[in-house]
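Down below is the structure, laid out as structure tokens.
The structure displayed is predicted, hence computed values, not measured ones.
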Amino acid sequence: MEQHSMRVETFGGLAVWLDGQLLVRRGERINKNLELLALLALNGRAPLSNEALAGLLWTEEESHNPAGALKNAAYSLRRLLEQRGVERELVTVEDKQYRLAPDLSLEVDLWQAGRLAEQAVNQPDKALALAAWEELDGICCGDFLPQLADRPWVAGQAAL
């Protein structure tokens with residue numbers, strides 16, 4: 001099975017690359033389909049149930065049928081990715097659980113920022129700590145998912 005790689009940047013806006021090809025441009029309008037992609041990416045390859053995703057993506061006021069809305073968002077995401085030249089399934093559904101494809105190597109700037117912050121705080125060597133802080137400063141170039149800042153799941157991630 002061929003290994004594919006996805007890079008997701010969340011600081012300063014959502015940007016997504018698959019195998020080096022830009023799929024989502026920073027500043028692009030984020031509809032529910034791209035919000036679904038961001039949420040799945042931040043969750044890694046761990047599956048999320050229909051109910052969990054629907055609860056994170058929609059309030060009761062937004063959708064009276066969140067399960068149907070989730071199916072529509074997943075379908076819309078697949079069509080969007082096809083239009084952008086992705087010839088494989090990035091989002092899989094099994095036993096009513098969604099996740100990113102298991103063969104996907106995933107790099108998320110938020111995870112890297114967390115590792116660097118921990119390294120900087122716990123590093124006894126001041127020069128190495130400063131280097132970690134400087135690298136962290138280069139990653140955190142803006143607010144975390146600013147277009148989705150009003151979403152509760154984004155606020156929870158940003159607090160971390």
Side-chain angles (χ1 to χ4, degrees), residues 1-116 118 138-160:
M1 184 181 304
E2 185 181 350
Q3 180 77 24
H4 294 275
S5 64
M6 178 181 280
R7 189 173 94 229
V8 179
E9 294 182 359
T10 57
F11 293 103
L14 181 65
V16 179
W17 288 262
L18 179 66
D19 297 332
Q21 174 191 350
L22 183 64
L23 295 180
V24 179
R25 296 182 193 287
R26 196 177 316 281
E28 184 173 335
R29 182 178 172 175
I30 300 179
N31 293 322
K32 291 296 182 183
N33 55 357
L34 292 179
E35 186 177 351
L36 172 61
L37 179 61
L39 183 55
L40 290 172
L42 288 169
N43 198 53
R45 275 169 297 290
L48 283 167
S49 70
N50 288 1
E51 295 80 15
L53 280 170
L56 291 167
L57 293 170
W58 288 276
T59 64
E60 287 185 24
E61 296 80 36
E62 290 177 307
S63 177
H64 297 291
N65 180 8
L70 176 59
K71 285 182 182 180
N72 288 337
Y75 175 81
S76 176
L77 176 59
R78 287 185 184 104
R79 298 296 74 82
L80 176 69
L81 294 172
E82 282 177 8
Q83 291 169 0
R84 295 186 181 179
V86 177
E87 297 177 358
R88 62 183 310 273
E89 287 292 322
L90 290 182
V91 177
T92 64
V93 183
E94 188 175 315
D95 296 326
K96 297 183 180 181
Q97 295 188 333
Y98 288 76
R99 68 180 186 156
L100 290 180
D103 67 333
L104 197 58
S105 169
L106 188 58
E107 177 187 332
V108 179
D109 64 349
L110 180 65
W111 302 346
Q112 186 180 8
R115 287 189 300 270
L116 285 168
E118 185 176 325
I139 292 172
C140 299
C141 57
D143 291 336
F144 177 73
L145 293 174
Q147 295 149 303
L148 299 173
D150 63 332
R151 307 299 296 166
W153 71 267
V154 171
Q157 291 283 330
L160 295 175

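Screening residues 67-76 for salt bridge (charged side-chain N to carboxylate O under 4.0 Å, His left out), with sequence neighbours left out, gives no hits. Pairs passing the side-chain hydrogen bond (donor to acceptor under 3.5 Å, both in side chains) check and including a residue from residues 30-42, sequence neighbours excluded, read R29-N31, K32-E35, N33-S76, E35-R151, E35-W153. Pairs of residues two or more places apart, or lying in two chains, that qualify as salt bridge (charged side-chain N to carboxylate O under 4.0 Å, His left out) and include a residue from residues 7-16 are R7-E9, E9-R26.
The line from CG of L48 to CZ of R99 is 11.0 Å long, rounded to the nearest 0.5 Å. Summarising the geometry, atom CD belonging to E89 is positioned 12.5 Å from atom CG belonging to L104; distances are rounded to the nearest 0.5 Å. Between L37 atom CG and Y98 atom OH the span is 13.5 Å, to the nearest 0.5 Å. L145 contributes atom CG, which lies 6.5 Å from atom CG of L42 (distance to the nearest 0.5 angstrom). Taking CG of D109 as the start and CZ of F144 as the end, the distance is 8.0 Å to the nearest 0.5 Å. Taking CH2 from W111 and CD1 from I139, the interatomic distance works out to 13.5 Å, rounded to the nearest 0.5 Å.
Pairing each heavy atom of G20 with each of W17, the nearest pair is O-CD1, 3.7 Å. Annotation for G142 and F11: closest pair O-CD2, 3.5 Å, computed over non-hydrogen atoms. Shortest non-hydrogen contact noted between G13 and P146 is N-CD, 3.4 Å. Scanning both residues, W58 and A73, for their nearest heavy atoms gives CH2-CB, 4.0 Å. In plain terms, the two heavy atoms of P102 and T92 that are nearest each other are CD-CG2, 4.5 Å. Closest of all the heavy-atom pairs between Q97 and P47 is OE1-CB, 3.4 Å.
Considering L18, L106, L23, L100 as possible partners of V8, the one that fulfils the side chain to side chain contact (heavy atoms under 4.5 Å, CB included) test is L106.
No side-chain heavy atom of Q157 sits under 4.5 Å from any side-chain heavy atom of L148. Considering only heavy atoms from C-beta on, L80 comes within 4.5 Å of L34 through its side chain. Between V16 and L90, every side-chain heavy-atom pair lies at or beyond the 4.5 Å cut-off.
At most 12 non-hydrogen atoms from other residues, nucleotides or ligands lie less than 6.0 angstrom from CG of D95. Heavy atoms of other residues, nucleotides or ligands lying less than 6.0 angstrom from CD of Q21 number more than 12. Counting non-hydrogen atoms of neighbouring residues, nucleotides and ligands closer than 6.0 angstrom, the CD atom of E28 exceeds 12 such neighbours.
In this structure N43 satisfies the side chain to side chain donor-acceptor pair (under 3.5 Å) test with no other residue, sequence neighbours excluded. With sequence neighbours excluded, no residue satisfies side chain to side chain donor-acceptor pair (under 3.5 Å) with R115. Residues satisfying the side chain to side chain donor-acceptor pair (under 3.5 Å) test with E82, not counting sequence neighbours, are R79.
Remark: side-chain polar atoms of D19 are not paired, donor with acceptor, to backbone N or O of H4 under 3.5 angstrom. Of the possible donor and acceptor atoms, none in the side chain of E107 sits under 3.5 Å from a partner among the backbone N and O of Q112.
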